[in-house]
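Worksheet for the structure shown next.
Computed over heavy atoms, backbone and side chain alike; hydrogens, waters and symmetry mates excluded.
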Amino acid sequence: MPELPEVETVKRALEPALTGAKITSVQLRRKNLRFPFPKNFQRRLQGRRIAHISRRAKYLLITMTGGKVLVIHLGMSGRLTLSPPNKTGSKTKTHETLPGDPRHDHVVFHFEQGAFLTYNDPRRFGFMDLVHTDELSAHRLFHALGPEPLGNSFNARHLARMATGRKTDLKAFLLDQRTLAGLGNIYVCEALYRARLSPRRSASTLVTKRNTPAKRTDVLVPAIRDVLNEAIVAGGSSLKDFKKPDGALGYFQHAFDVYGREGRKCRRDTCNGTVARITQAGRSTFYCPRCQR
DNA sequence: CATGCCCCCTGCACGC
DNA sequence: TGCGTGCAGGGGGCAT
């Protein structure tokens, strides 16, 4: 579920509703997700007000007044659902209105006016942490992260510099969060398709002998930006309503050119290739061997 | 340091 | 219908 566009969509959906909201209590229904919850997690959040919500890479950052930041990573299957106050005023959660199996509702944040935010995560690859704003950039999760793909410091020069001397596949290189932060398996495949670059070529081919960005690097950068921006727009349109159990499904996948399209015809009308699936770094790569070189 | 592999966990689609 | 297999949008940790 969550790559950068999804997390961005979650961020945009939660922002207007939760900015300024005060946490009255936090329910922890188990003591860990992928990692243990930080100690005194509930107590340290209780009574805090949300100052603002942001995103870094695939992390959702909920900053409290006073400077604590609740860091949330959704892993593979994490989902946040915001529910309005129960009309009855009862504190009891109404599971039937929530998506997902209630057994996987691991955390519930309750807010002052009765709204609550539920974290559901069947696979529990997600995690949460609580750190101070000042410590965020030095935090082990953040210190090595590359630039935001949609930010100003991501450009062909940066990619070329990172790719210098790297023999690894272009696919693995782009998936590495130290190269740039937020691309996942789907969008790497899609961006490489748009840029007509083979996922198997060496990352070092993004650099010329003169140590400048190759032309293909100038093509790749906007391909990455475009696919992410389009996915955010599409995600925003169907994920807006967090109460809809199926809101998280079927948003951008109709727009995939290669992901999940093994054996189907390449969508480029000038190409009569067939989408192939290979394994790289232990994960599926989809691409058109004919027009991606 | 760079790279490749395994693993965490549950659900689901598929073939028999 | 039931069961086994393989696979899934992430990323930490370890061996080489």
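OP1 or OP2 of B/dT3 lies within a sub-4.0 Å distance of a side-chain N or O belonging to A/R166. Residue A/Y187 places no side-chain N or O under 4.0 Å from the OP1 or OP2 atom of C/dG9. In this structure, A/H104 reaches the B/dG11 phosphate: one of its side-chain N or O atoms is under 4.0 Å from OP1 or OP2. In this model, the phosphate group of C/dA8 is approached by a side-chain N or O of A/S284 to a distance below 4.0 Å at OP1 or OP2. In this model, the phosphate group of C/dG11 is approached by a side-chain N or O of A/K58 to a distance below 4.0 Å at OP1 or OP2. Within the structure, every side-chain polar atom (N or O) of A/H73 is placed at least 4.0 Å from both OP1 and OP2 of C/dG10.
The side chain of A/R103 lies closest to B/dG11, out of C/dG12, B/dG11, C/dA8. Side-chain atoms of A/R34 lie closest to C/dG12 of the nucleotides B/dG4, C/dG9, C/dG12. The side chain of A/P122 lies closest to B/dG11, out of C/dG9, B/dT3, B/dG11. Residue A/M76 has its side chain nearest to C/dG9 when only B/dT3, C/dG12, C/dG9 are considered.
Ring geometry for A/Y59 against A/F142 counts as tilted: the plane angle lies between 30° and 60°, on a 0 to 90° scale. Ring geometry for A/Y259 against A/F286 counts as perpendicular: the plane angle is over 60°, on a 0 to 90° scale with 30° as the lower cut.
Relative to the six-membered ring of A/F256, A/R264 misses at least one condition, a distance below 6.0 Å or an angle of at most 45° to the axis. Annotation: cation-pi geometry satisfied between A/R268 and A/Y193 (NZ/CZ under 6.0 angstrom from ring centroid, within 45° of ring axis).
Map A/R277 and A/G184 each onto its nearest nucleotide of DNA chain C; the residue landing nearer the 5' end is A/R277.
The distance from atom NZ of A/K171 to atom C1' of B/dT3 is 15 Å, rounded to the nearest whole Å. Here the C1' atom of nucleotide B/dG4 and the CD1 atom of A/I278 are 15 Å apart, to the nearest Å. Between A/K167 atom NZ and C/dT16 atom C1' there is a gap of 16 Å when expressed in whole angstrom units. Between A/M128 atom CE and C/dG11 atom P the separation is 16 Å, expressed in whole Å. The CD-C1' distance, from A/E262 to B/dA13, rounds to 15 Å in whole Å. Spacing between atom CD1 of A/I72 and atom P of C/dG10 amounts to 18 Å, rounded to whole angstrom units. The separation between A/N185 atom CG and C/dA8 atom P is 8 Å, rounded to whole Å. Remark: C1' of C/dG12 and CD of A/Q177 are 13 Å apart, rounded to the nearest angstrom.
Salt bridge annotation for A/R178-A/D176: present, with a cationic side-chain nitrogen under 4.0 angstrom from a carboxylate oxygen.
In this structure, A/L145 reaches neither bases nor backbone, as no heavy-atom distance under 4.0 Å exists between it and the strands shown. Using a 4.0 Å heavy-atom distance criterion, A/R283 is classed as a base contact.
A pairwise comparison of heavy atoms in A/T274 and A/P289 identifies O-CD, 3.3 Å as the closest pair.
A donor and an acceptor atom never sit less than 3.5 Å apart when one is taken from the side chain of A/R124 and the other from the base of B/dC9.
You cannot call A/F125 stacked on the base of B/dC9; the centres under 5.5 Å and planes under 30° rule is not satisfied.
Judged by Watson-Crick or G-U wobble contacts below 3.5 Å, the nucleotide C/dT5 has B/dA13 as its partner.
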